[in-house]
Amino acid sequence: VQLQASGGGLVQAGGSLRLSCLASGRTFSSYGMGWFRHTPGKEREFVAAISRSGLSTYYADSVKGRFTISRDNAKNTVYLQMNSLKPEDTAVYLCAAARGEYSNYYYYSLLGNYDSWGQGTLVTVSS
């Protein structure tokens with residue numbers, strides 16, 4: 001599956017953005033989906049994930065209560081609604097697709113469990 005992320009931009013602290021990730025192909029619903037973020041000098045960081053059906057979601061502690069992941073399998077799209085943004089949320093956000101069926105946060109947080117990655121979209125939060 002090929003992924004294309006969009007929706008990044010410049011926003012003031014406290015503001016909101018919604019990221020989208022469009023997947024190609026007709027098997028989108030067979031993938032668990034995740035969002036990660038990357039800043040220079042740091043390892044790629046897990047942000048959020050959602051199961052194939054959308055019934056289960058998982059969040060990093062740093063974004064819990066502020067970010068919401070969702071998906072629309074009819075539109076082959078996964079979203080990341082980001083509210084109450086902070087300067088430390090500044091990063092390139094990448095979406096990823098996992099073919100495996102996982103049942104908990106730990107497995108969704110592992111980079112190696114994802115089979116496909118999008119190109120990323122830059123989010124900059126000013127103070």
Side-chain angles (χ1 to χ4, degrees):
V1 61
Q2 291 185 323
L3 306 172
Q4 183 173 358
S6 61
L10 174 64
V11 63
Q12 288 189 329
S16 298
L17 280 175
R18 189 175 82 154
L19 306 183
S20 299
C21 177
L22 177 64
S24 64
R26 292 179 286 181
T27 60
F28 177 69
S29 61
S30 65
Y31 289 88
M33 298 297 296
W35 285 97
F36 289 75
R37 62 189 182 186
H38 178 70
T39 54
K42 294 184 179 180
E43 293 185 356
R44 196 168 290 186
E45 177 189 16
F46 171 78
V47 175
I50 189 166
S51 63
R52 295 170 176 175
S53 64
L55 293 178
S56 297
T57 56
Y58 309 88
Y59 298 94
D61 287 343
S62 58
V63 306
K64 199 173 294 183
R66 300 188 297 122
F67 291 11
T68 302
I69 189 171
S70 61
R71 67 188 297 162
D72 186 337
N73 286 346
K75 295 183 178 180
N76 279 14
T77 302
V78 62
Y79 305 97
L80 186 68
Q81 177 66 44
M82 305 186 296
N83 299 330
S84 301
L85 282 161
K86 305 175 182 180
E88 52 263 44
D89 294 319
T90 295
V92 173
Y93 283 73
L94 307 101
C95 58
R99 189 170 295 177
E101 179 72 346
Y102 305 118
S103 59
N104 61 55
Y105 171 97
Y106 173 73
Y107 290 106
Y108 275 110
S109 70
L110 298 178
L111 276 71
N113 284 342
Y114 290 84
D115 306 284
S116 302
W117 292 82
Q119 85 290 356
T121 185
L122 176 63
V123 172
T124 304
V125 184
S126 63
S127 56

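Bear in mind that the values here come from a model prediction, so they are computed numbers and not experimental data. Numbers for residues simply follow the sequence, beginning at 1.
The backbone N or O of Gly118 lies less than 3.5 Å from no partner atom in the side chain of Gln4, so there is not a single donor-acceptor pair. A donor-acceptor distance shorter than 3.5 angstrom exists from the side chain of Arg66 to the backbone of Ser84, with no hydrogens or angles considered. At distances below 3.5 Å, at least one donor-acceptor pair connects side-chain atoms of Asn104 with backbone N or O atoms of Tyr107. Without hydrogens or angle criteria, Thr124 side chain to Thr90 main chain gives no donor-acceptor distance under 3.5 Å. Between the side chain of Tyr114 and the backbone N or O of Gly32, no donor-acceptor pair lies under 3.5 Å. Side-chain N or O atoms of Ser24 include one that pairs as donor or acceptor with a backbone N or O of Gln2 at under 3.5 Å. Side-chain atoms of Asn76 come within 3.5 Å of backbone N or O of Ala23 as a donor-acceptor pair. Under the 3.5 Å distance criterion, the side-chain polar atoms of Arg71 are matched with a main-chain donor or acceptor of Ser51.
When every heavy atom of Leu19 is checked against every heavy atom of Trp35, the shortest pair comes out as CB-CH2, 3.7 Å. Of all heavy-atom pairs between Tyr59 and Ala48, the closest is CD2-CB, 3.7 Å. Taking each heavy atom of Phe67 and Val47 in turn, the nearest pair found is CD2-CG1, 3.8 Å. The two residues Thr27 and Tyr31 come nearest to each other via the heavy atoms O-CD1, 3.2 Å. Nearest heavy atoms, Ser29 versus Asn73: CB-ND2, 3.6 Å. What you find for Ser16 and Asn83 is that their closest heavy atoms are OG-OD1, 2.9 Å.
Put simply, the side chain of Asp89 does not reach to within 4.5 Å of the side chain of Met82, judged on heavy atoms.
In the hydrophobic cluster analysis, where Ile, Leu, Val, Met, Phe, Trp and Tyr join through side-chain heavy atoms closer than 4.5 angstrom, Leu94 is grouped apart from Val123. Under the 4.5 Å side-chain contact rule for hydrophobic residues, Trp117 and Val92 share a cluster. Hydrophobic clustering of Ile, Leu, Val, Met, Phe, Trp and Tyr side chains at less than 4.5 Å, counting indirect connections, keeps Met33 apart from Tyr108.
Considering CD1 of Ile50 and OH of Tyr79, their distance stands at 11.0 Å, rounded to 0.5 Å. Interatomic distance, Phe36 CZ to Leu80 CG, rounded to the nearest 0.5 Å: 12.0 Å. The line from CG of Leu3 to OG of Ser116 is 5.5 Å long, rounded to the nearest 0.5 Å. Taking CD of Glu88 as the start and OG of Ser127 as the end, the distance is 10.0 Å to the nearest 0.5 Å.
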Counting only pairs under 3.5 Å, give me each side-chain donor-acceptor contact of residues 38-45, with atom names and distances, residues two or more places apart or in other chains.
{"residue": "His38", "atom": "ND1", "partner": "Lys42", "partner atom": "O", "Å": "3.3"}
{"residue": "Glu45", "atom": "OE1", "partner": "Arg37", "partner atom": "NE", "Å": "2.8"}

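Ring-centre distance between Tyr102 and Tyr58: not below the 6.0 Å cut-off. Aromatic ring centres of Tyr105 and Phe46 lie closer together than 6.0 Å.
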